[in-house]
Amino acid sequence: MPKLIVANFKMHGTQPFIEDWFTNFPLEKASSKHVVVALPATYLASFRDYGLCLSGQNVSSMEKGAFTSQISAEMLKDCGASYCIIGHSEAREQLNESNESIHDKYLQLKDANIQSIFCVGESLEVKESKMTESHLEDQLSAFDNDSEGLIIAYEPIWAIGTGLVPTISEITEVVTNIKERFNNPVKVLYGGSVNASNAQNLLEKTNIDGLLVGGASLNPQEFAKIAQLC
């Protein structure tokens with residue numbers, strides 16, 4: 001079954017940078033249905049017809065209203081997004097997002113027929129305290145009764161942008177635990193210092209359903225090497 005490969009640009013890129021990225025990304029080497037690019041929201045509409053699926057990086061938990069600076073699910077849909085990342089550790093920390101508000105975002109996206117990519121992961125302190133399982137259980141608990149079609153991205157915080165990657169057995173154990181706790185089938189991606197050198201090993205030797213790629217996705221040639229593995 002094809003893997004899902006997601007590029008998360010985070011707050012990187014300008015119009016010329018992204019145009020250059022698409023120019024240098026070899027579309028013929030990637031499945032347009034299984035490669036997703038999460039651009040800054042201001043650029044989504046400009047690149048809706050460039051051959052890859054687009055994703056938002058966050059969304060409001062509210063449908064509409066007096067919520068200055070926020071972006072609704074319908075706005076993302078209008079811009080061409082078919083996916084959206086929610087619950088990323090950076091948003092949890094910097095925007096003080098709660099498990100409950102993240103689930104509300106999921107519901108907004110579901111109503112707009114946008115696929116959620118729900119991020120979970122533990123800090124180094126939690127890992128060293130051997131509390132990873134309970135920490136993830138808490139993050140996932142909001143979805144116990146509503147996980148239909150959910151895509152979960154396991155991103156250990158200590159591995160994001162650090163060059164550190166969990167062992168194959170650690171990833172496999174976490175992904176197995178996540179999948180077994182839901183009655184409905186869920187897909188689980190891995191993210192955290194993914195690059196062209198380790199992507200194939202991660203995809204072939206673990207039970208993940210794809211990858212969420214951060215820094216390495218900003219280089220179109222390197223991301224192409226990862227994307228062609230799907």
Nearest heavy-atom pair of [X] and [Y]: which atoms, and what distance?
X	Y	value
I208	T206	CG1-OG1, 3.1 Å
C84	L76	SG-CD1, 3.7 Å
A216	I226	CB-CD1, 4.4 Å
L203	G210	CD2-CA, 4.0 Å
G121	I157	O-CD1, 4.0 Å
A153	L212	CB-CD2, 3.9 Å

Check: [Y] and [X] side chains under 4.5 Å, non-hydrogen atoms:
X	Y	result
D209	Y190	no
W158	P166	yes
C119	I85	yes
N219	N24	no
I18	F47	yes
L95	N58	yes
V36	L52	no
K3	L211	no

Please report the interatomic distance [atom1]([X]) to [atom2]([Y]), rounded to the nearest 0.5 Å.
X	Y	atom1	atom2	value
H103	S98	NE2	OG	11.5 Å
E90	N8	CD	CG	7.5 Å
L109	S72	CG	OG	9.5 Å
Q115	S82	CD	OG	9.0 Å
K205	N201	NZ	CG	4.5 Å
K105	S101	NZ	OG	5.5 Å

Strictly distance-based, threshold 3.5 Å: is any side-chain N or O of [X] a donor or acceptor partner for the main-chain N or O of [Y]?
X	Y	result
N99	D138	yes
T176	T172	yes
S60	Q70	no
W21	G13	no
Q57	K10	yes
S116	F118	no
S147	D144	no
N195	N198	yes
K225	A196	no
E137	S134	no

Practice item. Please list all pairs passing the salt bridge (Lys or Arg N to Asp or Glu O under 4.0 Å) test where one or both residues lie in residues 47-65, with sequence neighbours left out. Key: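 Output for this query is empty, none listed.
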Consider only side-chain heavy atoms of I, L, V, M, F, W and Y, link residues closer than 4.5 Å, and tell whether [X] and [Y] are in one cluster.
X	Y	result
L189	I160	no
L54	I151	no
V6	V186	no
L4	L229	no
F182	V188	yes

Review point. Per the ring-ring contact (aromatic ring centres under 6.0 Å, His included) rule, which among F9, Y50, F17 passes with F22?
Key: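 Single pass found, and it is Y50.
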Exercise for review: State whether the number of non-hydrogen atoms from other residues, nucleotides or ligands found under 6.0 Å of N183 atom CG is greater than 12.
Suggested key: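 Counting neighbours around CG of N183, 12 or fewer heavy atoms of other residues, nucleotides or ligands fall under 6.0 Å, so no.
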Practice item. Report, as yes or no, whether the 6.0 Å neighbourhood of atom CD on E93 holds more than 12 heavy atoms from other residues, nucleotides or ligands. Key: no
Exercise for review: Could you go through the side-chain hydrogen bond (donor to acceptor under 3.5 Å, both in side chains) check for Q200 and E204 one step at a time?
Suggested key: CA-CA 6 Å; Q200 185 168 2; E204 291 182 351; 2.9 Å; yes
Check your understanding: Would Y43 and E19 count as having a side-chain donor-acceptor pair, cut-off 3.5 Å?
Key -> no
Exercise for review: For S193 and L164, run side chain to side chain contact (heavy atoms under 4.5 Å, CB included): C-alpha distance rounded to whole Å, both residues' side-chain angles, the deciding distance at 0.1 Å, then the answer.
Suggested key: CA-CA 6 Å; S193 294; L164 302 174; 5.5 Å; no
Exercise for review: Decide if the gap between the ring center of F143 and the ring center of Y106 is smaller than 6.0 angstrom.
Suggested key: yes
Review point. Ion pair present between E133 and R181, side-chain N to carboxylate O less than 4.0 angstrom?
Key: no
**Study point:** side chain to side chain contact (heavy atoms under 4.5 Å, CB included) evaluation trace for E122 with Y154
**Key:** CA-CA 9 Å; E122 80 282 11; Y154 171 53; 3.0 Å; yes
Check your understanding: Is there a side chain to side chain contact (heavy atoms under 4.5 Å, CB included) between R92 and Q139 once you walk through the steps?
Key -> CA-CA 11 Å; R92 289 177 186 268; Q139 290 184 322; 3.6 Å; yes
